[in-house]
There are 2 protein chains.
Amino acid sequence: MAGIKDVADRAGLSIATVSRALSGKANVSAKSRKLAKTAAAELGFVPSYHASSLASGRNHNVGLVLPSVHRWYFSSVLEGVSATLLDAGYDLTLYNVGDQAVRRESVLNDFLLRKRLDAVIAVALVLTDDEIQQLLAIHRPIVGIGGALAGASTIRINDSGLSRMATNHLIQLGHTRIAHLTGDPALNQDFKLPGIRQAGFEAAMKDAGLPVRPEWQISADFTIQGAYASARRLLGMGTERPTAVFAASDEMAIGTILAARDFGLRVPHDLSVIGMDGHELGEVFGLTTINQDARGQGALAARLLLETLDAGAAAGNDGAATPRGATDREYPTELVIRTSTAVPPA
Amino acid sequence: MAGIKDVADRAGLSIATVSRALSGKANVSAKSRKLAKTAAAELGFVPSYHASSLASGRNHNVGLVLPSVHRWYFSSVLEGVSATLLDAGYDLTLYNVGDQAVRRESVLNDFLLRKRLDAVIAVALVLTDDEIQQLLAIHRPIVGIGGALAGASTIRINDSGLSRMATNHLIQLGHTRIAHLTGDPALNQDFKLPGIRQAGFEAAMKDAGLPVRPEWQISADFTIQGAYASARRLLGMGTERPTAVFAASDEMAIGTILAARDFGLRVPHDLSVIGMDGHELGEVFGLTTINQDARGQGALAARLLLETLDAGAAAGNDGAATPRGATDREYPTELVIRTSTAVPPA
DNA sequence: CTGAAAGCGCTAACAG
DNA sequence: CTGTTAGCGCTTTCAG
């Protein structure tokens, strides 16, 4: 309950000096600073964030918009953002919009605009130009992770190129009957991600002169269990089976491996499976995949934002940071070959 | 950038009337309200949360403290809390403290005290009396999920009783050689959860006159992959094997099933496995478990808090809600028998 | 280096 | 029902 006034009284200083001393500003004598600090400590003084934000215009708070917290990719990004922010003394306001359009709307049109956030990080969210403009209009820098965001900075991986790479890995091993397990079209609130990865797959197949069979293009909801169900249907089709599957996420690759086991198929002997992500569970299954360090992407996004904010503050820019020209960074990835892929059965 | 003043001017009303009109208060003529609303809309007015919080004392913001966002239980709780809060127009400030003591400290001693939260929900966190007092001292209601929190309300399941139930399920099937896979002792930032579940297991064994073999009491980090590694060690011990395993979480139960497969053990024919949680993936593995609806627990916690806050507001209580006597609620659960448990091999 | 004073933008009595 | 008047608790010129 102690306010800065109480601290000032107890320290025998003015409110202004205490404020400067406590927020580590210059132009305060060592003695005054000590005096202020002790008084504050003795009173258990904790500054009111609302008051200081109101007065200074800075919030020390970053918003994070996610479509889900259950899928590995998103919780990993969240973890990276969270750790970076916490260490910098920033709060993280989480908007888990899920798949409900209503929630998405209200977050975008109400929550985010309440001038309470210094910046926002949007993960795998397709924003309309209007939505982006609205955000930019309130002078908040935005960074997008996982896809392009016109006018905002983004961090992403080369989804189409990497899908090609994954597919090529299979082709080089000698596979010709390759299936692709993609994300449900309904999940295209995401940056059209499923579509992009699928395009990469198709391009690679085409380049190799291989057919893309419609019945081997299946989809699931990005979860292990969803992919398991879809893969069972794929592998259970009475007809010819593929000898390899490229799944658009590790979770779906794992679901595929589990389904294969049900049919007595040995991985990779009878069926090769490659995923994409770098999920920790991949090791257990010997999953060949493309690592993308989602946690690192989240941390990087947060760091970039913090730098921008600091720069804005240093420039005396009234707390509202100036977004330095929107940049589009590609995050590094690596192909990790384990034991779920091999040459096709004779 | 438009402030309430601009809206007032444009509407030809006083600031006060606009404030009342826009925040849906009574005592405003329909005409004035309409006038205010149109003016606000035309100017794209969005109220400053800091200003209104400072003036009203209410933040519309709840803090959630979690030890992790990757484990199923926590992300499920998060999801429940998040949805409930969003729908009520509240912000969710997330503190993912992880296992770093430093972070835990700073969150507890800095972040949470900044008077920016109306309430806090702590999941599976053991708070010292001091910490609880500190939080209560700033007049913020707290609710704990997943364990006891002296002085605060809690929502939890009967961990010890349910562990007993799970163990008894195995015993009733005829098992006598039962192993227990518990959480790493290091994870006892949790409400001593591993210990409590283990105690339930031991009690059930004792009641049945069965021996608890130390070498069959193993631990892991609550993840599938961690449990997989531990279970491999358990099942790979040259000596006699258990015929059943009770894992303290579904993720660990699944890791166990995967390990069993590696050794050519059929579940449940050669090894019965029971888990605890209600993880969606359990279905894929036919996992027998105890469902606990973590999402629902999170939603309930949020709802309780919102009610308390509303009550406080209604009571004209300066926004600082009065915690109505701390209650300790037990959340309902159910034993779900699937196909991972059966009578022991002959 | 320090203090006084002027707000940040809104809400909440209080009179009318 | 509406306008006026005080602040909420801090930061920040601006003098000194």
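Note: hydrogens, waters and symmetry copies are ignored here, and every other heavy atom, side chains too, is used. Proteins come first, then strands; the chains are lettered A, B, ... in the order of their sequence lines, and each starts at number 1.
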I want to confirm an ordering. Mapping Val28(B) and Leu54(B) to their closest nucleotides on DNA chain D, which one lands closer to the 5' end? Val28(B)
Of Ser32(B) and Lys115(B), whose closest DNA chain D nucleotide lies nearer the 5' terminus? Ser32(B)
Can you measure [X] atom [atom1] to [N] atom [atom2] for me and round it to whole angstrom units?
X	N	atom1	atom2	value
Leu43(A)	dC10(D)	CG	P	12 Å
Ile4(A)	dG3(C)	CD1	C1'	13 Å
Arg114(A)	dC8(C)	CZ	P	23 Å
Leu35(B)	dT2(D)	CG	P	10 Å
Asn27(B)	dA12(C)	CG	C1'	13 Å
Arg58(A)	dC10(D)	CZ	P	18 Å
Asp6(B)	dG9(C)	CG	P	10 Å
His60(A)	dC10(D)	NE2	P	15 Å

Please answer whether the main-chain N or O of Thr327(B) pairs with a side-chain N or O of Ser153(B) as donor and acceptor at a distance below 3.5 Å. yes
Does Arg156(A) reach the main-chain N or O of Ala124(A) with its side chain, forming a donor-acceptor pair under 3.5 Å? no
salt_bridge(Arg58(B), Asp118(B)) N-O dist < 4.0 Å: no
Donor on one side chain, acceptor on other, Tyr90(B) and Asn59(B), under 3.5 Å: no
Is the phosphate of dT2(D), meaning OP1 or OP2, less than 4.0 Å from a side-chain N or O of Ser29(B)? yes
May I ask you to evaluate whether Ser52(A) reaches the phosphate of dC10(D), defined as a side-chain N or O under 4.0 Å from OP1 or OP2? no
Any cation-pi pair here, Arg114(B) with Phe111(B), using under 6.0 Å and within 45°? yes
Tell me, please, which residues at least two apart from Leu43(A) pass side chain to side chain contact (heavy atoms under 4.5 Å, CB included). Ala2(A), Asp6(A), Val7(A), Arg10(A)
Base, sugar-phosphate alone, or nothing: which one does Ser53(B) contact when heavy atoms must sit under 4.0 Å apart? nothing
Regarding Ser23(B), tell me which of base, sugar-phosphate or nothing describes its non-hydrogen contacts under 4.0 Å with the strands shown. nothing
Review item, nucleotides 12-16 of chain D N/O atoms under 3.5 Å of protein N/O:
| residue | atom | partner | partner atom | Å |
| --- | --- | --- | --- | --- |
| dT12(D) | OP2 | Lys25(A) | NZ | 2.8 |

Using 30° and 60° as the class boundaries, would you call the ring planes of Tyr49(B) and His60(B) parallel, tilted or perpendicular? perpendicular
